[in-house]
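Notes follow once the structure below has been shown.
Just so you know, these numbers come straight off a predicted model, no measurement behind them.
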Amino acid sequence: MIKIAILSQKGGAGKTTLGLNIAIAAEINGKQTAIIDLDPQSSMAQWGDSREAKTPPVVTTQAQRLQNVLDTCAENDGDFIVIDTAPYAEQTALAAARAADMVLIPCRPSIVDLRAVSMTIEICQLAKTPCHVVLNQTPARGMLTEEAEAAIKGLGVNLAPVQVGQRVAYIHAVTQGQGVLEYEPRSKAADEIRALYKFILKEIGVKTNGKKERPRRSVA
């Protein structure tokens, strides 16, 4: 069972949007997928409530109950688990990092976000869990993204080779209770999520076994 935690000690980094889109990518890839929401704001659970589809299930719980929920997922043949966390909650983030096989740290190309990355990296180091920073909400033009890349590399942390752009497709998809692979499967946003999902599988040594994507749901 693959467990991916989405961590950031800063609010507004795009954890929930990134996490739900990765979960949808896994589900379309044919994996039995679930999302665990550890954020008291329950943004992920609210997105799950807005979906017409019943999958992937979103389970709201507390850090103290995380392992119990993971055990239940394993007993129900879960393949791929995304753990969404709250900002400014070090103990919750640490519990998620320790339970995960890999941590993704979304980071916008801004000085405020870059400063917060260091705190999240320290949590991953304490948990001894591999982590990758994902540049998120990157602008189409300008030097900000290149400067952010240099700053992250200077921290000595792994930088994911896939950037997630600042695209309205992500906003519209969440509003519809969907991921971009469902809302606009042929969009640049969908291509980004596919590439990021493939990177995750490759990084943790999992093969897709040549499985084809499940038929995409029609968009209302």
Side-chain angles (χ1 to χ4, degrees), residues 2-8 11-39 41-60 78-87 102 104-109 113 132-141 145 160-202 206 208 211-220:
I2 303 168
K3 295 161 288 183
I4 305 298
I6 315 294
L7 267 61
S8 175
K15 294 187 303 299
T16 298
T17 299
L18 189 66
L20 69 87
N21 277 288
I22 291 170
I24 293 297
E27 185 180 66
I28 289 175
N29 185 229
K31 298 191 182 299
Q32 190 80 8
T33 307
I35 300 171
I36 300 176
D37 189 354
L38 298 181
D39 190 343
Q41 292 185 353
S42 302
S43 298
M44 190 72 85
Q46 292 172 26
W47 168 81
D49 291 341
S50 69
R51 283 177 64 75
E52 292 184 5
K54 295 182 179 180
T55 59
V58 181
V59 180
T60 303
D79 295 319
F80 197 98
I81 310 298
V82 174
I83 306 172
D84 192 24
T85 60
M102 178 179 178
L104 295 182
I105 307 172
C107 177
R108 296 181 301 180
D113 286 66
H132 291 77
V133 175
V134 180
L135 279 175
N136 196 29
Q137 300 176 20
T138 57
R141 298 180 180 84
T145 301
V162 181
Q163 296 176 6
V164 177
Q166 192 173 35
R167 307 183 190 281
V168 295
Y170 291 106
I171 299 173
H172 292 322
V174 171
T175 302
Q176 296 293 325
Q178 296 179 320
V180 291
L181 286 168
E182 299 167 314
Y183 182 75
E184 288 187 351
R186 294 180 178 85
S187 65
K188 290 183 179 179
D191 289 341
E192 290 169 349
I193 296 301
R194 286 192 191 94
L196 182 58
Y197 173 69
K198 289 179 181 178
F199 164 74
I200 292 169
L201 295 188
K202 180 181 178 181
V206 176
T208 58
K211 288 184 179 180
K212 295 181 179 180
E213 290 186 350
R214 286 168 39 185
R216 300 183 181 95
R217 302 182 183 89
S218 60
V219 179

So which atom in [X] and which in [Y] form the shortest heavy-atom distance, rounded to 0.1 Å?
X: T33; Y: A23; result: CG2-O, 3.6 Å
X: Y170; Y: G165; result: CE1-O, 3.6 Å
X: Q41; Y: Q46; result: O-NE2, 3.1 Å
X: P87; Y: G11; result: CB-N, 3.6 Å
X: A189; Y: A169; result: CB-CB, 4.0 Å
X: L181; Y: I28; result: CB-CD1, 3.6 Å

Side-chain touch [X]/[Y], heavy atoms, less than 4.5 angstrom:
X: V164; Y: T17; answer: no
X: M102; Y: I200; answer: yes
X: L104; Y: I22; answer: yes

Roughly how far, to the nearest 0.5 Å, is [atom2] of [Y] from [atom1] of [X]?
X: L201; Y: I4; atom1: CG; atom2: CD1; answer: 8.0 Å
X: T60; Y: D39; atom1: OG1; atom2: CG; answer: 9.5 Å
X: T138; Y: Q166; atom1: OG1; atom2: CD; answer: 8.0 Å
X: N136; Y: C107; atom1: CG; atom2: SG; answer: 8.5 Å

(request) Please determine which of D37, D84, I35, T175 meets the side chain to side chain contact (heavy atoms under 4.5 Å, CB included) test together with W47. (result)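 Option passing the side chain to side chain contact (heavy atoms under 4.5 Å, CB included) with W47: I35.
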
(request) Have a look at R167 and tell me which of E192, E184, H172 forms a side-chain hydrogen bond (donor to acceptor under 3.5 Å, both in side chains) with it. (result)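 Testing each of E192, E184, H172 against R167, the sole residue satisfying side-chain hydrogen bond (donor to acceptor under 3.5 Å, both in side chains) is E192.
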
(request) Mind running salt bridge (Lys or Arg N to Asp or Glu O under 4.0 Å) on D191 and R194 for me, showing each step along the way? (result) CA-CA 5 Å; D191 289 341; R194 286 192 191 94; 3.1 Å; yes

(request) Kindly say whether A13 contributes a backbone atom to a donor-acceptor pair with the side chain of R108 at under 3.5 angstrom? (result)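 No.
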
(request) Check whether any side-chain N or O of N29 sits under 3.5 Å from a backbone N or O of A25 as a donor-acceptor pair, and report yes or no. (result)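 Between the backbone of A25 and the side chain of N29 there is no qualifying donor-acceptor contact (under 3.5 Å).
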
(request) For T85, check side-chain hydrogen bond (donor to acceptor under 3.5 Å, both in side chains) against everything at least two apart and list the hits. (result)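 Expected list: none.
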
(request) In plain terms, say whether D79 and K31 are close enough for a salt bridge, that is, a side-chain N and a carboxylate O under 4.0 Å apart. (result)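 Looking at D79 and K31, the cut-off is not met.
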
(request) Tell me, please, which residues at least two apart from F80 pass ring-ring contact (aromatic ring centres under 6.0 Å, His included). (result)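 Counting only residues at least two positions away or on another chain, F80 forms a ring-ring contact (aromatic ring centres under 6.0 Å, His included) with Y197.
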
(message) Evaluate Q163 against T145 for side-chain hydrogen bond (donor to acceptor under 3.5 Å, both in side chains), listing each step before the verdict.
(response) CA-CA 9 Å; Q163 296 176 6; T145 301; 4.7 Å; no

(message) Could you walk me through whether I193 and I24 satisfy the side-chain contact (heavy atoms from CB on, under 4.5 Å) test, starting with their C-alpha distance in whole Å, then the side-chain angles of each, then the deciding distance to 0.1 Å, before giving a yes or no?
(response) CA-CA 9 Å; I193 296 301; I24 293 297; over 6 Å; no

